[in-house]
Amino acid sequence: MAFTAERRGLRPELLGALAGLLEGPWGAPFTGSLFARRVGWREAFFAGLGWLTAGMAGGGPLLALWVGQGILTLWARGGGWRLGAGLALLLSGLLFPGLVSAPLGVVLAGVLSGGWRYAALALAGVGVYGWTGLLLPLGTWAAETVGLERGGRFQGMDVPALVYGGVLLLRNMLLGMQG
């Protein structure tokens with residue numbers, strides 16, 4: 001049986017590999033495809049290792065995604081947890097070059113819909129990448145359009161996000177060996 005993109009579709013892990021391979025100052029459209037997913041602390045940590053070995057400033061995009069999703073979870077619990085969510089938002093600003101704009105963009109994208117959601121993702125992209133982060137919503141839109149926001153999990157971890165971190169770390173190790 002021949003493989004067709006219409007029958008099976010592209011594998012979401014391919015997005016993670018492509019995002020890890022092309023990460024850098026202009027990597028926002030590629031990592032934006034991962035912003036349609038739910039990540040945990042293990043994926044954020046592993047991707048952060050790759051981010052640090054790339055020499056990029058501040059926290060990486062999956063860290064912003066994880067922190068923002070965590071703030072939304074705290075806020076949803078209500079009561080005193082909302083104070084914790086506000087403090088987490090303020091303290092998370094210390095991790096990113098754009099201060100609170102990265103996690104705030106993720107939080108706003110979680111509560112807004114339509115075009116406003118993509119504007120919030122652009123805010124998160126600017127918080128991580130600088131002005132080139134305005135391209136981050138393009139990757140999210142493309143992943144949602146093609147249906148790549150679905151995908152597998154392995155032992156509770158999001159596989160495309162894990163592949164992103166692994167490929168990014170491997171790429172940086174190979175580049176470090178060359179020069």
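Numbers here are sequence positions counted from 1.
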Please give me the minimum heavy-atom distance between [X] and [Y], naming the atom from each residue.
| X | Y | value |
| --- | --- | --- |
| Trp66 | Ala44 | CB-CB, 3.8 Å |
| Val167 | Ala17 | CG1-O, 3.5 Å |
| Ala120 | Leu108 | CB-CB, 3.6 Å |
| Leu72 | Gly110 | CD1-CA, 3.7 Å |
| Pro137 | Ala122 | CG-N, 3.5 Å |

Separation between [atom1] of [X] and [atom2] of [Y], rounded to the nearest 0.5 Å:
| X | Y | atom1 | atom2 | value |
| --- | --- | --- | --- | --- |
| Trp51 | Leu168 | CH2 | CG | 8.5 Å |
| Phe30 | Leu22 | CZ | CG | 5.0 Å |
| Gln69 | Leu62 | CD | CG | 9.5 Å |
| Met173 | Thr53 | CE | OG1 | 8.5 Å |
| Leu169 | Tyr164 | CG | OH | 11.0 Å |
| Glu43 | Met157 | CD | CE | 6.5 Å |

(message) Filter on salt bridge (charged side-chain N to carboxylate O under 4.0 Å, His left out), then keep only pairs touching residues 99-127, sequence neighbours left out; what's left?
(response)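 Passing the test, one end in residues 99-127: Arg117-Glu144.
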Single-linkage hydrophobic cluster, 4.5 Å side-chain cutoff, [X] and [Y] together:
| X | Y | result |
| --- | --- | --- |
| Trp41 | Phe96 | yes |
| Val128 | Leu135 | no |
| Trp116 | Leu104 | yes |
| Val111 | Val100 | no |
| Tyr118 | Leu65 | yes |

(request) Spell out, as yes or no, whether a donor-acceptor pair under 3.5 Å connects the side chain of Thr140 to the backbone of Gly32. (result) yes
(message) For the residue pair Glu23 / Tyr129, report whether a side-chain donor-acceptor contact shorter than 3.5 Å exists.
(response)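 Yes - a donor-acceptor pair under 3.5 Å links their side chains.
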(message) Applying salt bridge (charged side-chain N to carboxylate O under 4.0 Å, His left out), can you list everything that pairs with Arg171, at least two apart in sequence or on another chain?
(response)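 Arg171 satisfies salt bridge (charged side-chain N to carboxylate O under 4.0 Å, His left out) with no other residue.
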(message) Between Trp75 and Trp81, is the side chain to side chain contact (heavy atoms under 4.5 Å, CB included) condition met? List the steps.
(response) CA-CA 6 Å; Trp75 188 266; Trp81 291 102; over 6 Å; no
(request) With sequence neighbours excluded, tell me which residues meet side chain to side chain contact (heavy atoms under 4.5 Å, CB included) with Val67. (result)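 Result, side chain to side chain contact (heavy atoms under 4.5 Å, CB included) vs Val67: Leu63, Ile71, Ser92, Pro103.
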(message) Is any side-chain heavy atom of Leu34 closer than 4.5 Å to one of Pro160?
(response)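 Yes; the side chains approach each other to less than 4.5 Å.
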(request) Take Asp158 and Arg38 through the side chain to side chain contact (heavy atoms under 4.5 Å, CB included) test and state the conclusion after the steps. (result) CA-CA 7 Å; Asp158 182 60; Arg38 179 122 182 115; over 6 Å; no
